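Predicted model only: the values in this text are computed from it and were never measured.
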Amino acid sequence: MKPNPPLSLDEIPGLKVTVMGLGLHGGGLATARFFASLGAEVLITDLRKEDQLQSSIEALGKLPVKLVLGEHREEDFTSADLVIKNPAVPPSSPFLALAPRLSNDIAVYLGLTQRRVLAVTGTKGKSTTVSALHRVLKAADPATDLGGNITVSPLSFLLDQIEDGRLNEPEAPVVLELSSWQLADCRPREVLKPDFSMITNIMHDHQNRYARFEDYVDDKRLIFQGQKEDGVSVFNYDDPYGKEFGRESRARVLYFSSKALPKGFEGSYLQDNEGVLRLDGREEAILPADLALPGEHNRRNLLAAACMLAAAGVERRLIANELAAFTGIPHRLEKVAEHRGVSYYNDSAATIPQASAASVASFDRPVHLIAGGTNKELDFTGLAEAFRGLAGLYLLAGSATPYFQEAAQEAGITHDATYDSLARALETAAGRARAGDIVLLSPGCASFGMFKNEFDRGDQFRELARALA
């Protein structure tokens, strides 16, 4: 493979770019628009067919791009100057080896931007954390942007900067949510050196994609390995990997924890549900005990955000006020409806059992849980404990069903036969729920099969719940 230096703007006009994966979340679309708008010759290839990608194809509009759908062709890779890989494309794809130069939209962005970057990864909590970071930073500077795994490619706002002639001007910070796949695909590696990095936690996930769990952890490590001494790394002190990461990072290391940090450690911690910041020899309140966002796991997410924001120099009162008022984001303990005293919550982004268990524990009212779907070779240990207090369990059909049934049996709760539609499961749960109860979609596994993706699953639940009135 040829040398793979960072891309420069001068190279783009006339560059032959193959975008591998148009997708449905906007990443491929933003990449194609970016390169085509700057004069590159763009070809998009996707194994899915036109009818499956209709919304993304329509969004391309009149962009001068070529589409090759339903197949990948060797010539579209060997003849390209640059191949941009969609995160969903497995690294084992033989077509990747044909690319003379390989990258992703994150690496292209990082190689061209001069903005201060706050980057977050982790198994769970990263979307909530980056959204909280963005809220506070945007209150301080309205030009702050948010992108990455949260379904907004940073190339979309980079193109705006270029077209407005603002690329080399001092800019507001940018917050990036990065998945393990996006981190692994960042080539060249030297562009991955965020000013601030964070790993929220490490749990078993995507084990259908990785041969070993440690390979997954190693991809997460990439977020801080390029940082220098003047950067800041934020890790979870309560996570078994947190202190290990802290020893490895060359940047200044801060921790967040649900209990008081030991002497000599800087960061943030919880004391009587209030967030305390320990920084530069001082301790002060940073996160109020009274939060608009439910869930103890979300309290820790906001605590982590507060730690990074303080390290970035944001005014303490602004941090506290904005985080206290933060209500969350779609598909993550999102309250979508209330009928006859029953509240309906969409937590479709809970794609591992531990996330579903944490969501159930967020409520002190009876919970009717809709769960189940596709297994990703995950760890279901501890799920039975979360099930013990349920008012009802409604399982969606899928390869994970036997694991949920086993947890239910261990917990001593009964449940119906599995449901082959979300509508039927919700209708049954709604019919059994009483005033004061919670009906919660928190699947604990992947959405493949019954839904297009986790967002489609959550969108369907939201619409069905609102239609119950």
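- A donor and an acceptor atom, one from each side chain of Asp347 and Ser359, are located under 3.5 Å apart.
- Note that the CG atom of Leu96 and the CZ atom of Phe77 stand 7.0 Å from one another [nearest 0.5 Å].
- When each of Asp218, Asp215, Asp219 is tested with Tyr210 by the rule side-chain hydrogen bond (donor to acceptor under 3.5 Å, both in side chains), just one qualifies, namely Asp219.
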Quick one: do Leu378 and Met203 satisfy side chain to side chain contact (heavy atoms under 4.5 Å, CB included)? Show the steps, please.
CA-CA 9 Å; Leu378 302 176; Met203 302 177 186; over 6 Å; no

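- Comment: Asp239 does not engage Lys124 in a salt bridge, judged by the lack of any side-chain N to carboxylate O separation of less than 4.0 angstrom.
- One finds a salt bridge joining Arg278 and Glu283 here, because a Lys/Arg side-chain nitrogen approaches an Asp/Glu carboxylate oxygen to under 4.0 Å.
- His331 and Ser348 are not linked by any side-chain donor-acceptor pair at a separation below 3.5 angstrom, with hydrogens and angles left out of the test.
- Distance alone, capped at 3.5 Å, places no donor-acceptor pair between the Gln271 side chain and the Ala285 backbone.
- The environment of Glu74 atom CD is sparse: at most 12 non-hydrogen atoms of other residues, nucleotides or ligands sit within 6.0 angstrom.
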With side-chain hydrogen bond (donor to acceptor under 3.5 Å, both in side chains) as the test, would you mind laying out the steps for Asp105 and Ser153 before giving the verdict?
CA-CA 7 Å; Asp105 64 331; Ser153 172; 2.8 Å; yes

Please step through salt bridge (Lys or Arg N to Asp or Glu O under 4.0 Å) for the pair Asp51 and Lys49, ending with a clear verdict.
CA-CA 6 Å; Asp51 59 335; Lys49 296 183 179 179; over 6 Å; no

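- Ion pairing between a basic and an acidic side chain is recognised when a charged N comes within 4.0 Å of a carboxylate O; Glu75 and Arg73 show such pairing.
- By the 30° and 60° cut-offs, the orientation of the rings of Phe245 relative to Phe235 is tilted.
- With Asp145 as the fixed residue, the side-chain hydrogen bond (donor to acceptor under 3.5 Å, both in side chains) test singles out one of His134, Arg115, Gln161: Arg115.
- Checked by atom type, the side-chain pair Ser258/Asp238 shows a donor-acceptor distance below 3.5 Å.
- For Asn453 and Asp456, the side-chain atoms include no donor-acceptor pair closer than 3.5 Å.
- Lys259 forms no cation-pi arrangement with Tyr269, by the criterion of a distance under 6.0 Å to the ring centre and an angle within 45° of the ring axis.
- When each of Leu192, Asp185, Leu178 is checked for a side-chain contact (heavy atoms from CB on, under 4.5 Å) with Leu222, only Leu192 meets the rule.
- Side-chain contact of Ser362 with Tyr345: a donor-acceptor pair under 3.5 Å is absent, judged by distance alone.
- Atom NZ of Lys16 has 12 or fewer heavy atoms from other residues, nucleotides or ligands within 6.0 Å.
- Taken from CD1 in Ile106 to CZ in Arg187, the straight-line distance is 14.5 Å, to the nearest 0.5 Å.
- With contacts defined as side-chain heavy-atom distances shorter than 4.5 Å, the pair Leu47/His72 qualifies.
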Candidate pair Arg299 and Glu296, rule salt bridge (Lys or Arg N to Asp or Glu O under 4.0 Å), full reasoning
CA-CA 5 Å; Arg299 187 180 298 277; Glu296 287 308 304; 3.5 Å; yes

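- Using a 4.0 Å cut-off between a side-chain N of Lys or Arg and a carboxylate O of Asp or Glu, Lys228 and Asp230 do not qualify as a salt bridge.
- Here the side chains of Asn149 and Trp181 are not in contact, with every heavy-atom distance at 4.5 Å or above.
- If you take CG on Asp81 and CG on Leu15, they are separated by 4.5 Å, rounding to the nearest 0.5 Å.
- Side-chain contact between Pro240 and Ile202: absent, with no pair of heavy atoms (C-beta onward) separated by less than 4.5 Å.
- Side-chain contact check for Thr151 versus Phe455: some heavy-atom pair is nearer than 4.5 Å.
- Among all heavy-atom pairs drawn from Ile223 and Met198, the shortest one is CD1-O, 3.8 Å.
- Rounding to the nearest 0.5 Å places OG of Ser249 at 12.0 Å from CZ of Arg221.
- Interatomic distance, Leu440 CG to Leu333 CG, rounded to the nearest 0.5 Å: 6.5 Å.
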N/O donor-acceptor pairs under 3.5 Å from side chains in residues 28-40, not counting sequence neighbours:
{"residue": "Thr31", "atom": "OG1", "partner": "Gly27", "partner atom": "O", "Å": "3.0"}
{"residue": "Arg33", "atom": "NH2", "partner": "Ala59", "partner atom": "O", "Å": "3.1"}
{"residue": "Ser37", "atom": "OG", "partner": "Arg33", "partner atom": "O", "Å": "2.6"}

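- Listed by chain and residue number, Asn168 satisfy the side chain to side chain contact (heavy atoms under 4.5 Å, CB included) test with Gln114 (two or more places apart in sequence, or in another chain).
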Below 3.5 Å, can you tabulate the donor-acceptor pairs from side chains in residues 317-326 to any protein atom, sequence neighbours excluded?
{"residue": "Asn321", "atom": "ND2", "partner": "Arg317", "partner atom": "O", "Å": "3.4"}
{"residue": "Glu322", "atom": "OE1", "partner": "Arg135", "partner atom": "NE", "Å": "2.9"}
{"residue": "Glu322", "atom": "OE1", "partner": "Arg135", "partner atom": "NH2", "Å": "3.4"}

